[in-house]
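Presented below is the structure to which this report refers.
Since the structure is predicted, the reported quantities are computational estimates derived from the model, not experimental observations. For ligands, and for the atoms within them, numbers begin at 1 and follow the listed sequence. FYI, side chains are in, hydrogens and waters are out, and symmetry mates aren't considered; it's all heavy atoms of this structure.
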Amino acid sequence: MTRLFNFCAGPAALPTSVLERARDEMLDYQGRGLSVMEMSHRSPEYTAIAEQAERDMRELLAVPSNYRILFLQGGASMQFAMLPYNLLGQGGTPNYLYTGIWGKKAITEARHLASAHVAATSEGNGLTDVPRQEDIQLSGDAAYLHYTANETIGGLEFDYIPDVQVPLVCDMSSSILSGPLDVSRFGVIYAGAQKNIGPAGLTVAIVRDDLLELARPDTPTMFSYKVMAENDSMYNTPSTYAWYLAGLVFDWLKHEVGGLEAMDAINSRKAAKLYAAIDSSDFYSNPIATRSRSRMNVPFVLADDRLNQAFLDEAEATGLLNLKGHRSVGGMRASLYNAVPEAAVDALIAFMNDFETRRG
Ligand SMILES: *Cc1c(COP(=O)(O)O)cnc(C)c1O
């Protein structure tokens, strides 16, 4: 068996030791004679799995006790709609920062319910630099401010947490758990699991408990943070196996990586190496302003577009998978999530240098 280096933007690489443990526990979970997939979500065995995952995530991110961690479905895309239902019960205008494709989709969903205000945008610089704090102009009646910490497609990441007097909401799908975080700065954080948390099918939301009271009266039951919180994310059947795998990832982060400070240092090193390789070459380039460069998703283009397919084919033959850029931007993209080892980045840089020497 060979596991190749996988740079997929999502669903993304998972730690090999997590998959090995899942394999070992697949048919018979800890002597219970059945798989986690086959357990009742209300059984004592499964409840213990779910609660341990919640505790470990809370510990990793130092989530304060006045926040609830919800294990939901529907992806980050469903949060785009669920969020405004839950926070607009007292009216007000939803405010958004627009820095890329995911933020735009979030704005589109909010506009089904209210007239959203764009409090700052990166459109003026072609989505290559995040707005600065002083650029953020909230509307007078702002209900909340939403932003995308890391724009996965553009490769644009905030290098600061916006400071505002209204609840701050963040789509952290592609950067959560990449390093330590001051959760107390936020009202709501949400993330689809399939980048840094686990497999697809699970979405985590971290919600400050006073915000559970602000839902619109027409909020569908399954959209209600309050209903989900009151039922420990088990109002209906949760995504049990994905939740279990997320728990294994949290355990890996705690015990094998050594926590989020350690993860942060590794992630910084990986990204710095790759950007340095791109910047030192006339053949590869990345358009993002240095301060706004993503540590998780590194888009780059070749000097000659006609070499794109050869680059991808040769990379794959070398064991470097999923480097094709998003269809909307083209070029290449290397996603360097937590589970992508530093050796993968080293192998990618070696391949890029070799390709440039031969074809550049
Ligand atoms: C992947 C991603 C999404 C979409 O996630 P789904 O779970 O597929 O809905 C939204 N926002 C960001 C920042 C993402 O990276």
Checking D171 side chain against W102 main chain: does a donor-acceptor pair fall under 3.5 Å?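 Not confirmed, D171 side chain does not pair with W102 backbone.
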
Between F311 and Y284, is the side-chain contact (heavy atoms from CB on, under 4.5 Å) condition met? List the steps. CA-CA 12 Å; F311 182 93; Y284 303 107; 3.6 Å; yes

Return the protein residues near ligand 1 (heavy atom under 4.0 Å from any of its atoms), ordered by chain and residue number.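 For ligand 1, the contacting residues are G75, A76, S77, F80, W102, T148, N150, T152, D171, S173, S174, Q194, K195.
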
Please say whether more than 12 non-hydrogen atoms of neighbouring residues, nucleotides or ligands are located less than 6.0 Å from CZ in R358.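 It does: R358 CZ has more than 12 such atoms within range.
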
Nearest 0.5 Å, please: how far is CG in D56 from CG in L61?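 Between atom CG of L61 and atom CG of D56 there are 11.0 Å.
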
Exactly one of V340, N196, I176 should register a side-chain contact (heavy atoms from CB on, under 4.5 Å) with M296. Which one does?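 So, applying the side-chain contact (heavy atoms from CB on, under 4.5 Å) to M296 and each of V340, N196, I176, only N196 qualifies.
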
Please work out whether the ring planes of Y190 and H146 are parallel, tilted or perpendicular, with thresholds of 30° and 60°.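 The rings of Y190 and H146 sit tilted, inter-plane angle from 30° to 60°.
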
